[in-house]
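Heads up: the structure comes next, in structure tokens.
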Amino acid sequence: MADASALAVTSAVAPAVRLAGLVYDYPDGRRALDGVDLSIAAGESTALVGPNGAGKSTLLLHLNGLLPGRDGLFRRRPPSVWIDGLDASRHGAEVRRKVGLVFQDPDDQLFSTTVLEDVAFGPLNLGAAKAEARRLALECLERVGLADAADRPPRHLSFGERKRVCLAGVLACEPSVLVLDEPTANLDPRGRRRFLELIGSLPATKLIATHDLEMVLEICPRTVVLDAGKIVADGPSRAVLDDAALLEAHGLERPLSLLVGR
Amino acid sequence: MPSDRPWRLDARVKLAGAVGFVLAVVLAPPGSWRYLGVLALALAAAVVASGVSIPRLLARWLGFLVLVGFLAALAAGRVAESSGLSWRLAALDLVLRNGLALMAMTAMAQVTPWTEMLWAMRRLGMPPALAATLGFMYRYLFVLHDELTRMTVARRARSFGRRGLGFGALASLIGVLLGRALDREERVFAAMTARGWDGVPRTLDD
């Protein structure tokens, strides 16, 4: 028990997300992440931008302890990811309870036969009783405006609706950190707007990997630029996204609203 | 869809009834024409009572029947030998039995939505892991089918009027589809783990 209270003390002061010297190689040996240091305070909304193949998605998977912290089969890497002060390589289950991950393709995330079953998947696995899981799932579907789709199979929903069901499924796990991979990709303007408003209304700490820089300006005060597995810029979104030279060097482009706004 | 399943019977009753019917058909000795005739009448009555769309049912059933006819032609010789029926009657016997069994299953599938069917299977004692696997299969069949359609369309767009795919292209198409299915499996597993999956299937029912 002494161990648990020590953890509680650290988490009171620890940042919501902390990465220190995070290194990861793809299975084929290419380096994906090359010493990433990042700290995100509780309640902060941070954008993670960078060209294709920069390592954004790989970084996000680490936040959930989904990638092994090992070299090859045996050699353990030193711990490099902490969520609320918890070492992700040792407290996988607790870390996954804290971090909600919304994947890019809703078909990867909606694997159950009905929408309600899917949203209840997390709570059921986290130990909720069936009645409680059902109540929570319905409540989260209500929050994303899809309560009437509860009994439908996921394949009968539009892309935007499926995306919102994914969010509901993650919210049902009541995470304190919300991690989103390309939340606005492939959404039509109305679907995008609706999804943005939803994300913006959530109080959780957010880390959002995206190419949608207009969205970043709208909902993320802070932007981190990742390229070739390294963080190359980190600062207030307006300043980072107005730095034409920096953006061009890393395969990005100044958002239109900053170009016409001056 | 509603015209397809007006029969508000418990899915368990439908599933158990259909399986029982199949057993009754299969266990009859060869050449029990009268017995099979009675079963056929009972099935016809059940099908009419279920209010299922008959043309659609027949279309599906006839599709299967072609395959049954082919298999019956292959197997009739051996059945004729062991039962003493003529080859033709043995073939007729095989087609009749399999046709009846398939009709029962097709009709049941058409009046029972898949989610209810899965629920019934779980309630009738199917192991949860197997029921979960069937659920995944049904869910991703459509996703893979969409993927295959996109790939064949992209392929046709670059084949410039040449008809057919050719074995080489078909083989590589299947290979790519398999690769994509494996990639997707990794992502689905990651998404499941992210929401606390520990290898035990849990559902809202019971």
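We name chains A, B, ... by the order of the sequence lines, and we start the count at 1 in each one.
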When you measure from the side chain of A:E117 to the backbone of B:L204, do you find a donor-acceptor pair of N or O atoms at a distance under 3.5 Å? yes
Can you measure from OG1 (B:T203) to CG (A:L116) and round to the nearest 0.5 angstrom? 11.5 Å
What distance separates A:D181 CG from B:R187 CZ, expressed to the nearest 0.5 Å? 10.5 Å
Is it true that, when you exclude [X] itself, more than 12 heavy atoms of the residues, nucleotides or ligands shown sit nearer than 6.0 Å to its [atom1]?
{"X": "A:E142", "atom1": "CD", "answer": "no"}
{"X": "B:D183", "atom1": "CG", "answer": "yes"}
{"X": "A:R97", "atom1": "CZ", "answer": "no"}

Can you list everything that forms a side chain to side chain donor-acceptor pair (under 3.5 Å) with A:N125? Sequence neighbours excluded, please. B:R202
Go through the atoms of A:A120 and report whether side chain, backbone, both or neither lie under 4.5 Å from a heavy atom of chain B. side chain
So, the part of B:T115 with a heavy atom under 4.5 Å from chain A: the answer is side chain
Looking at chain A, which one of B:M192, B:E186, B:E185 has the largest number of heavy-atom pairs inside 4.5 Å, strictly under? B:M192
Heaviest contributor of heavy-atom pairs below 4.5 Å to chain A, chosen from B:Y140, B:W114, B:Y138, is B:Y140
Whether B:F136 and A:F111 hold their rings parallel, tilted or perpendicular, with breakpoints at 30° and 60°: tilted
Quick check on the structure: residues of residues 102-110 of chain A within a heavy-atom distance below 4.5 Å of chain B, by number. A:F103, A:D105, A:D107, A:D108, A:Q109, A:L110
Tell me whether B:R195 forms a cation-pi arrangement with A:F121, defined as NZ or CZ under 6.0 Å from the six-membered ring centre and within 45 degrees of its axis. no
